[in-house]
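The structure appears below as structure tokens.
A, B, ... follow the sequence lines: proteins, then strands. Residue 1 opens every chain.
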There are 2 protein chains.
Amino acid sequence: MPQTDDQIAATFAPHDHRECAHRVLDEAAERLADQGARLTPVRRRTLEILLESHRALGAYEVLDRLAAEGFGRQPPVAYRALEFLVQHGLAHRLQRLNAFAACLHPGHDHHPAFLICRSCHKVAEAAAAPVREALTHVAGQGGFRVERVTIEALGLCATCAAEDAPDSTA
Amino acid sequence: MPQTDDQIAATFAPHDHRECAHRVLDEAAERLADQGARLTPVRRRTLEILLESHRALGAYEVLDRLAAEGFGRQPPVAYRALEFLVQHGLAHRLQRLNAFAACLHPGHDHHPAFLICRSCHKVAEAAAAPVREALTHVAGQGGFRVERVTIEALGLCATCAAEDAPDSTA
DNA sequence: ACCCGGATGTAATAAAGTAACGCCTTGGCG
DNA sequence: CGCCAAGGCGTTACTTTATTACATCCGGGT
């Protein structure tokens, strides 16, 4: 399971973000070593940039950051690093946003459902298994074999909902 | 329910396509009249173009067709017509493809799940309700309120699967 | 006739993504 | 060590997708 209920809430709640970034980065390096893939400086930095927030960043946003730090300033620099991260399950691409977000649960379910808050723009990963199962079932009845799914929800996270209407929570 | 199992199969199976196109177009005109919206020539023609196949078309693909028929040849012409159709539930936007497809079941479930065949590229609509429900449930446990959902599956339709391996069906 | 809003059309530009090529590093091997 | 092959990085140039801004036109109401 990619993400428990508490973890969804934790994504949106204020927290010491350095800690989760660090944890993920460590796991990432380890996993890549196992696969014989190289976490080069650009790639590592790209992942760090994504990890600095729970938001999804556009490729050009990432590119600007990389360029400012001495890496190449042409689009392929960012796209290659991002593609590498996605392929190795360290980042996800959000179709609705044309943007990328670090995977916070590498190694678990590599095709989670995404919860995108329209207010704070943070992105959480939710367990996609039950959702995918429902879809696979519906599709299968029509003879369609599902191979890959995109599940993205736009809505309001608990933290933002509480801010919008601080006393209407109960 | 936007689409029964038989209807999913029907989308991918060979069939007289003029018939389903015609039916949808008639319904569309009627529905728009109710809403006080105008199905102008560009809009109508755009819908017809989308209805000519079960595939999703890129905005520029539609634009080329429109331009060839005497309509404007600048991007906003196509984007405006497509946006109108989407807003009135007569077409859908497919995020994965950056493309648009006619809605074959206007008036039912306006946010269906999409089944995209990677072989024939046709797109079917499937009932999203159970899928959305599963997602809403998972998200709700984390305090996230789902508002809009994107569900798109990439896979192989029954017709293409049968062609790939004609005798492995049983 | 006049005005108004919506629908069209245009040019221009932004944003997102890809192709093609050369150089440099890394790591294996004689 | 010297050599080579593969992969990574950087560049230029380009394609595809989408939007902004503004002029014009058409239809309905007064």
Side-chain angles (χ1 to χ4, degrees), chain A residues 28-29 32-50 55-88 90-101 121 150 152, chain B residues 28-29 32-50 55-88 90-101 121 150 152:
Chain A
L32 286 179
D34 289 353
Q35 299 173 41
R38 295 166 52 198
L39 188 59
T40 62
V42 215
R43 291 169 178 175
R44 182 184 182 92
R45 192 66 197 112
T46 300
L47 180 53
E48 286 171 357
I49 288 169
L50 292 182
R55 294 197 310 111
L57 301 183
Y60 281 76
E61 227 170 320
V62 170
L63 179 59
D64 284 348
R65 301 279 310 267
L66 290 174
E69 297 174 22
F71 294 100
R73 40 185 63 261
Q74 303 305 320
V77 171
Y79 280 103
R80 282 195 290 236
L82 290 167
E83 190 192 0
F84 172 88
L85 295 175
V86 168
Q87 282 190 335
H88 289 82
L90 301 173
H92 298 290
R93 175 173 210 141
L94 290 144
Q95 307 281 350
R96 281 191 86 99
L97 307 177
N98 288 333
F100 300 82
H121 301 112
T150 299
E152 301 177 6
Chain B
L32 287 179
D34 289 353
Q35 300 173 39
R38 295 165 55 195
L39 188 59
T40 61
V42 215
R43 292 168 178 176
R44 183 185 182 92
R45 192 65 198 112
T46 300
L47 180 53
E48 285 172 359
I49 288 169
L50 291 182
R55 294 196 311 111
L57 301 184
Y60 281 75
E61 227 171 319
V62 171
L63 179 58
D64 285 347
R65 302 277 312 267
L66 291 174
E69 297 174 21
F71 294 101
R73 39 186 65 260
Q74 303 304 319
V77 170
Y79 281 102
R80 282 195 291 236
L82 290 166
E83 189 191 2
F84 172 88
L85 295 175
V86 168
Q87 282 190 336
H88 289 82
L90 301 173
H92 297 291
R93 177 175 208 140
L94 290 146
Q95 306 283 350
R96 282 191 84 99
L97 306 177
N98 289 330
F100 300 82
H121 301 112
T150 300
E152 300 178 7

Nearest-nucleotide wise, let me know which of Pro75(B) and Pro41(A) is further upstream toward the 5' end of DNA chain D. Pro41(A)

Taking atom P of dA16(C) as reference, at what distance in whole Å does atom CD of Gln95(A) sit? 14 Å

Can you tell me whether the side chain of Arg80(A) and the base of dG17(C) have a donor-acceptor pair closer than 3.5 Å? no

Output yes when a side-chain donor or acceptor of Glu152(A) lies under 3.5 Å from a complementary backbone atom of Arg96(A), and no otherwise. yes

In whole angstrom, what separates Tyr79(A)'s OH from dA20(C)'s C1'? 17 Å

Nearest 0.5 Å, please: how far is CG in Leu82(B) from CG in Leu90(B)? 11.5 Å

Is there a donor and acceptor pair closer than 3.5 Å between the side chain of Tyr60(B) and the base of dA18(D)? yes

Can you measure Glu83(A) atom CD to dG8(D) atom P for me and round it to whole angstrom units? 11 Å

Among the candidates dA18(D), dT11(D), dT18(C), find the nucleotide nearest to the side-chain atoms of Gln74(A). dT11(D)

Side-chain donor/acceptor contact of Arg38(A) with base of dG27(C) under 3.5 Å: no

Calculate the interatomic distance between Phe71(A) atom CZ and dT25(C) atom P; express it in whole Å. 15 Å

How many whole angstroms separate atom CD of Glu61(A) from atom P of dG17(C)? 12 Å

Which of dA7(C), dT12(D), dA18(D) is nearest the side chain of Thr40(B)? It is dA7(C)

Does Arg43(A) or Asn98(B) map to a spot on DNA chain D nearer the 5' end, using the closest nucleotide for each? Arg43(A)

Whole-Å distance, Arg93(A) CZ to dG17(C) P, equals 5 Å

Electrostatic pair Glu83(B)-Arg80(B), nearest N-O below 4.0 angstrom: no

Separation of Leu39(A) atom CG from dT25(C) atom C1', in whole Å? 17 Å

In whole Å, what is the span from the CG atom of Leu82(B) to the P atom of dT19(D)? 11 Å

Interatomic distance, Glu61(B) atom CD to Leu66(B) atom CG [nearest 0.5 angstrom]: 11.5 Å

Interatomic distance, NE2@His88(A) vs CZ@Arg43(A), rounded to 0.5 Å, equals 7.5 Å

